[in-house]
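Report on the following structure.
Since this is a predicted model, take the numbers as computed values, not measurements. Values reported hereafter were calculated over all heavy atoms of this structure, with side chains retained and with hydrogens, waters and symmetry mates removed. Residue numbers start from 1 in every chain, and the chains themselves are labelled A, B, ... in the order their sequence lines are given, proteins ahead of strands.
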Protein chains: 2
Amino acid sequence: MSQTSHKILNTLRQMIVSGELPPGMKLAEIPTAEMLGVSRTPIRSALATLAQEGLLERIHQRGFHVRHISKEELVGAVEVRSVLEGLAARQAVESGLSAAVLDQLQACLDQGDQLFVKGHITEEDIAHYHDINKRFHATIIAASGNPAIEPALARNEHLPFASPNAIRFDRHALDREYQRFAYAHQQHHTVVDAMRRGQGARAEALMREHAHVTIRYVDVDDLTHLPDTVN
Amino acid sequence: MSQTSHKILNTLRQMIVSGELPPGMKLAEIPTAEMLGVSRTPIRSALATLAQEGLLERIHQRGFHVRHISKEELVGAVEVRSVLEGLAARQAVESGLSAAVLDQLQACLDQGDQLFVKGHITEEDIAHYHDINKRFHATIIAASGNPAIEPALARNEHLPFASPNAIRFDRHALDREYQRFAYAHQQHHTVVDAMRRGQGARAEALMREHAHVTIRYVDVDDLTHLPDTVN
DNA sequence: ATGTTCATTATTGTACACAATTTAGGTCTG
DNA sequence: CAGACCTAAATTGTGTACAATAATGAACAT
């Protein structure tokens with residue numbers, strides 16, 4: 001895939017998740033190609049990829065529709081992430097944690113502590129925490145030694161809110177968001193504690209519960225509007 | 001996707017899983033197109049799909065390699081299936097089982113009982129059980145009401161042995177295989193029992209354990225040769 | 001002799017023309 | 001008036017020429 005092809009894929013993906021191309025809208029090759037000023041070829045490949053990611057739905061011999069992401073789907077995706085990240089935590093413990101992995105996890109904990117010690121957060125802090133959070137989860141998945149977990153999570157990565165890479169937050173209620181992120185960070189502490197003690201089942205259970213934080217404080221009905229997210 | 005395009009995708013997929021195209025082999029568009037007597041266009045789309053399925057690996061600007069499926073990957077895929085099917089069983093219980101679903105599951109149990117009551121199995125029986133098994137698992141996943149489970153399992157479906165749709169069996173040791181399938185069928189009974197009683201956590205645990213039957217009796221090192229499978 | 005640069009070659013990426021297929025609409029017939 | 005069939009239009013699927021890009025090897029300079 002070339003530079004321009006990549007750009008077109010990202011452009012279309014952004015247009016879909018931002019709602020510029022609303023759910024149900026038909027996407028045919030020729031109009032889309034004309035809209036973006038390229039030929040049908042890169043459009044074909046982009047549409048196929050987006051269908052694979054679950055953002056588009058193929059209509060038999062008739063192009064694609066922008067898929068309507070239902071509430072059930074988002075809630076279900078959080079459940080899927082929950083059990084898969086739980087599995088990762090347990091397998092990471094069972095396969096024996098290296099000092100390097102523990103160091104990386106501890107670094108995430110320390111950096112988060114520094115962020116929350118001052119008792120409130122700014123937008124900038126949230127971006128920083130987003131980073132720490134991403135590293136924390138990626139480290140555990142990598143440490144699991146199970147190469148099948150990441151691909152199984154791949155589809156979720158493209159659904160907003162179903163991925164830890166897309167923490168939703170409300171810019172206008174930073175107090176409440178402080179509570180939520182601080183709580184999530186405390187859960188990180190408990191997960192690492194369980195992992196250090198070799199408590200695989202406990203680590204799994206804690207990680208499962210942790211996944212629900214993404215969505216717990218959110219009115220799920222609002223999610224269909226796809227409001228501001230980090231990343 | 002048209003008829004011929006579909007056929008080419010399936011042909012290439014079959015050639016890969018059968019080992020006709022061995023792991024590590026380079027697949028360029030032009031030679032592949034000439035080999036199958038079509039133009040590069042349907043080949044491009046097929047290769048992209050197969051890469052998405054995990055059978056091919058994209059080399060930057062240089063075509064694809066047939067991926068080497070490692071032992072870790074197969075074992076990991078079974079673990080992933082384990083937790084996801086466990087989740088499905090639990091959510092099916094939690095969301096309330098309809099009479100129709102229970103009837104379908106009971107039908108799978110009854111049909112399996114009939115198969116095993118005579119104390120031995122034939123190759124034909126295995127094909128039949130394969131069918132029953134597929135229905136059993138699909139029913140529970142559908143009954144979970146979680147639309148995110150199926151796509152998360154999708155990648156596994158294309159890895160031989162990681163899917164219940166690809167039960168491995170040894171044609172020359174039907175006695176041992178009888179034991180294995182009869183045991184798996186008994187597990188189906190216990191899962192349904194837990195589900196009927198509304199025991200979500202038990203159903204989850206039993207279903208998790210059940211997933212391991214696929215691989216438990218198998219010398220994992222043999223898997224790299226991709227021997228006979230049903231489907 | 002070795003390292004760097006340039007040209008050649010192999011291969012993917014893009015554009016576009018043409019073929020095939022499906023849907024829709026209109027007309028003809030019972 | 002209704003239903004079926006046929007024709008036309010729209011849209012995807014395929015083939016192929018051409019452009020862009022990256023790897024390889026050769027030649028030159030240090």
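At least one side-chain nitrogen or oxygen of A:R44 sits closer than 4.0 Å to the OP1 or OP2 atom of D:dG13. For the OP1/OP2 pair of C:dA10 and a distance below 4.0 Å, the side-chain nitrogens and oxygens of B:R62 include no atom meeting the criterion. Put simply, A:T4 has a side-chain N or O that comes within less than 4.0 Å of OP1 or OP2 on C:dT14.
Regarding A:L36, its CG atom lies at a distance of 13 Å from the P atom of C:dT14, rounded to whole Å. For the pair A:K26 NZ and D:dT12 C1', the interatomic distance rounds to 11 Å; values are reported in whole Å. Atom CZ in B:R58 sits about 13 Å away from atom C1' in C:dT11, given to the nearest Å. Computed from coordinates, the A:L47 CG to C:dT14 P distance equals 14 Å when rounded to whole Å. Protein atom NZ of B:K7 is 16 Å distant from nucleotide atom C1' of D:dG13, rounded to whole Å. Rounded to an integer number of Å, the gap from A:I43 CD1 to D:dT11 P is 15 Å. For B:F64 and C:dG13, the CZ to C1' distance is 12 Å, given to the nearest whole Å. When the P atom of D:dA20 is taken as reference, atom NE2 of B:H60 falls 17 Å away, rounded to whole Å.
A donor atom on one side chain and an acceptor atom on the other are found under 3.5 Å apart for A:D110 and A:Q106. For B:R135 and B:Q111, the side-chain atoms include at least one donor-acceptor pair closer than 3.5 Å.
A salt bridge links A:E204 to B:R208: one of the charged nitrogens lies within less than 4.0 Å of a carboxylate oxygen.
Legend: residues meeting salt bridge (Lys or Arg N to Asp or Glu O under 4.0 Å) with A:E79, ordered by chain and number and at least two apart, are absent.
The side chain of A:E29 has D:dT12 as its nearest neighbour among C:dT12, D:dT12, D:dT11.
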Could you list all N or O pairs between the protein and nucleotides 15-18 of chain C that sit under 3.5 Å apart?
residue : atom : partner : partner atom : Å
C:dA15  : OP2  : A:S39   : N            : 2.7
C:dA15  : OP2  : A:S39   : OG           : 2.6
C:dA15  : O5'  : A:S39   : OG           : 3.4
C:dA15  : N7   : A:T41   : OG1          : 2.7

Criterion side-chain contact (heavy atoms from CB on, under 4.5 Å) on B:R67 and B:I16, from CA distance to verdict: CA-CA 9 Å; B:R67 248 168 53 95; B:I16 293 168; over 6 Å; no
Please tabulate, for the side chains in residues 33-41 of chain B, all donor-acceptor contacts under 3.5 angstrom to protein atoms that are two or more places apart in sequence or on a different chain.
residue : atom : partner : partner atom : Å
B:S39   : OG   : B:T41   : N            : 3.3
B:R40   : NE   : B:E29   : OE1          : 2.9
B:R40   : NH2  : B:E29   : OE1          : 2.9

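Checked against the 6.0 Å centroid criterion, the rings of A:H185 and A:H210 do not qualify as a close aromatic pair.
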